Visitor: 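I have a structure I would like to understand better, so I am pasting it below and will then ask my questions one at a time.
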Amino acid sequence: MPELVVTALLAPSRLSLKLLRAFMWSLVYSAALVAGAIYGCIALTHVLRETPTCLKDPTLGEHDFLSLRSSGLRLHYVSAGHGKGPLMLFLHGFPENWFSWRHQLREFESHFHVVAVDLRGYGPSDAPRGVDCYTIDLLMADIQDVILGLGYSKCILVSHDWGALLAWNFSIYFPSLVERMVVVSAAPMSVVHGYTFDYMFLFQLPWLPEKLLSMSDFQILKTTLTHYKTGIPHLTPSELEAFLYNFSQPGGLTGPINYYRNLFRNFPLEPQELATPTLLLWGEKDPYMEVGLVEAISRRFVPGRLEAHILPDAGHWIPQSHPQEMHQYMWAFLQDLLD
């Protein structure tokens, strides 16, 4: 068949293929533009979230920043009761911030200088990006700098979850700075390493934990904090937003997740004797920390230095779910300091 005839016969097919290719690429580009617009709107929504009013509640205390001597970082804190007694320093856990201590700030400001700090990487506090900026040694130096920077030589250290993990270590390496400890729902690292927590292994991965936790407007964190069995009971929408707000800002989850990425650098640990007078509160229904850890902790203590209570109806979030019971135990534990 003459070449001219063949070319003429194939021309419609070639034109159809070119049109089909152009159509397919237009679909790809359109889908990319739509996806970009959707994710851009989601990101913009996160950035434009308004600060929850409860984070600005003046009855909880005054907001300020402290520049740390060791690192130069600035940490945000809320304080009340200045000049009314010893320093009572609160260290929060994950996924929380200073606001998790709202009940205790109100309760103890009459007899103590209460200070609830946003740990590095959280809230308005400085949040260096590198994983190496969240080692246990650096985090303990932050606590030391806060105590000394506020003008005190010692404190009553009250802590929960990740904050408690730091407090245990701090009491071992800086015992002169801790007069008493109140620990809620966490064990020392030398005890924890014998137990398995699956989510901690997930948090070792780069970028993926941040993506998972931020999906569907932080649904995993919302469920963690509000679940009808394991969450914080009666948490209002505004109070929930108080915890999610800073995580929704660009890079807001990276600092907190970097705490976990440094966790296994300290294992294995030799058993360490614990001597700081300590009140330990534990929820019998804690879904994250086994009740058996309480006995393991007590075996590490100098006799007579640990007072432990297991709350039968409590879960993981005792400072917010059972504040009245926590306060009763704390007042009794600290009474001799007030006499």
Side-chain angles (χ1 to χ4, degrees), residues 27-56 76 92-100 102 118-125 127-129 131 134 160-163 185 196-263 283 285-289 315-321:
L27 286 179
V28 170
Y29 283 121
S30 297
L33 288 172
V34 170
I38 292 173
Y39 282 104
C41 290
I42 293 173
L44 187 61
T45 300
H46 290 170
V47 172
L48 295 179
R49 276 178 128 126
E50 292 186 3
T51 305
T53 56
C54 57
L55 286 180
K56 299 180 285 186
H76 169 257
H92 64 80
F94 176 81
E96 299 172 286
N97 53 39
W98 73 266
F99 186 71
S100 61
R102 59 195 178 280
D118 275 326
L119 297 170
R120 74 160 66 188
Y122 284 84
S125 292
R129 299 288 295 177
V131 174
Y134 296 86
H160 172 248
D161 189 78
W162 245 107
S185 307
T196 301
F197 306 97
D198 294 338
Y199 67 94
M200 291 184 181
F201 292 100
L202 171 64
F203 284 0
Q204 303 307 304
L205 300 174
W207 65 262
L208 182 60
E210 288 93 326
K211 295 298 182 185
L212 291 174
L213 292 179
S214 62
M215 287 175 60
S216 302
D217 194 29
F218 303 92
Q219 187 57 52
I220 292 176
L221 295 183
K222 287 180 179 178
T223 301
T224 299
L225 292 168
T226 64
H227 191 274
Y228 76 101
K229 282 188 176 180
T230 59
I232 304 167
H234 313 301
L235 197 68
T236 69
S238 178
E239 290 169 343
L240 173 61
E241 185 63 18
F243 297 121
L244 299 180
Y245 170 72
N246 288 295
F247 294 140
S248 72
Q249 304 308 298
L253 279 167
T254 298
I257 298 298
N258 281 342
Y259 281 61
Y260 290 94
R261 293 180 175 129
N262 279 280
L263 186 60
K285 297 180 180 179
D286 192 324
Y288 310 109
M289 294 287 175
H316 186 68
W317 315 98
I318 290 173
Q320 299 180 72
S321 65

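Please read these numbers as outputs of a predicted model, since none were measured by experiment.
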Visitor: Between T230 and H316, is there a side-chain heavy-atom distance shorter than 4.5 Å?
Guide: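 Side chain of H316 against side chain of T230, heavy atoms only: no contact under 4.5 Å found.
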Visitor: Please check: side-chain N/O of N97 versus main-chain N/O of A242, any donor-acceptor pairing under 3.5 Å?
Guide: yes
Visitor: Tell me the closest heavy-atom pair linking S125 and H76, and the distance in Å.
Guide: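 Looking at all heavy atoms of both residues, the closest pair is OG-N, 2.8 Å.
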Visitor: Rounded to the nearest 0.5 Å, what separates atom CZ in R129 from atom OG1 in T254?
Guide: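 OG1 of T254 is found 4.5 Å from CZ of R129.
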Visitor: Evaluate side chain to side chain contact (heavy atoms under 4.5 Å, CB included) for L212 paired with L202, printing each intermediate quantity in order.
Guide: CA-CA 10 Å; L212 291 174; L202 171 64; 4.2 Å; yes
Visitor: Can you find a heavy atom in the side chain of R49 that is under 4.5 Å from one in the side chain of E241?
Guide: yes
Visitor: For I232 and H227: C-alpha separation, side-chain torsions, deciding distance, then whether side chain to side chain contact (heavy atoms under 4.5 Å, CB included) applies.
Guide: CA-CA 7 Å; I232 304 167; H227 191 274; over 6 Å; no
Visitor: Quick check for you: to the nearest 0.5 Å, what is the distance between F203 atom CZ and N258 atom CG?
Guide: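 Interatomic distance, F203 CZ to N258 CG, rounded to 0.5 Å: 11.5 Å.
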Visitor: Quick one, P95 and F218 - any side-chain contact, counting heavy atoms below 4.5 Å?
Guide: no
Visitor: What's the spacing between L221 CG and L240 CG if we round to 0.5 Å?
Guide: 9.0 Å
Visitor: Would you call E210 and R261 a salt bridge, taking side-chain N to carboxylate O under 4.0 Å as the test?
Guide: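 Yes.
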Visitor: Quick check: closest heavy atoms across I257 and F94, and the distance to 0.1 Å?
Guide: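 In this case the closest contact between I257 and F94 is CD1-CZ, 4.1 Å.
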Visitor: Heavy atoms, side chains only, cut-off 4.5 Å: are P209 and L253 in contact?
Guide: no
Visitor: Taking the inter-plane angle between the rings of Y122 and Y259 on a 0 to 90° scale, is it parallel (under 30°), tilted (30 to 60°) or perpendicular (over 60°)?
Guide: perpendicular
Visitor: Does the side chain of Q219 come within less than 4.5 Å of L213's, by heavy atoms?
Guide: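 When only atoms from C-beta onward are counted, Q219 and L213 do not touch, as no gap falls below 4.5 Å.
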Visitor: Nearest 0.5 Å, please: how far is NE2 in H92 from CG in L119?
Guide: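 Rounded to the nearest 0.5 Å, the CG-NE2 separation comes out at 3.5 Å.
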Visitor: Which atom names give the shortest non-hydrogen contact between G315 and S185, and what distance separates them?
Guide: O-OG, 4.4 Å
Visitor: In Å and rounded to the nearest 0.5 Å, what is the OG to CG distance from S238 to L55?
Guide: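 Spacing of OG (S238) from CG (L55) equals 7.5 Å.
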Visitor: Between F99 and Y245 (judged by ring centroids, cut-off 6.0 Å), do the two rings come close enough to count as a pair?
Guide: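 Between Y245 and F99, which both carry aromatic rings, the centre distance is not below 6.0 Å.
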Visitor: Is the shortest side-chain heavy-atom distance between E239 and Q320 below 4.5 Å?
Guide: no
Visitor: Do W317 and L225 have side chains that approach each other closer than 4.5 Å (heavy atoms only, starting at C-beta)?
Guide: yes
Visitor: Locate the shortest heavy-atom distance separating G121 from A127; write the atom from each residue and the value.
Guide: CA-CB, 3.6 Å
Visitor: Quick one, I220 and M215 - any side-chain contact, counting heavy atoms below 4.5 Å?
Guide: no
Visitor: Shortest non-hydrogen contact from S100 to E96?
Guide: CB-OE2, 3.3 Å
Visitor: Judged by atom type as modelled, is there a donor-acceptor pair below 3.5 Å linking the side chain of D286 to the main-chain atoms of Y288?
Guide: yes
Visitor: Could I get the full list of side chain to side chain contact (heavy atoms under 4.5 Å, CB included) partners for P128, not counting sequence neighbours?
Guide: L73, R120, C133, Y134
Visitor: Any idea which heavy atoms bring G283 and I318 closest together, and the distance?
Guide: N-CD1, 3.5 Å
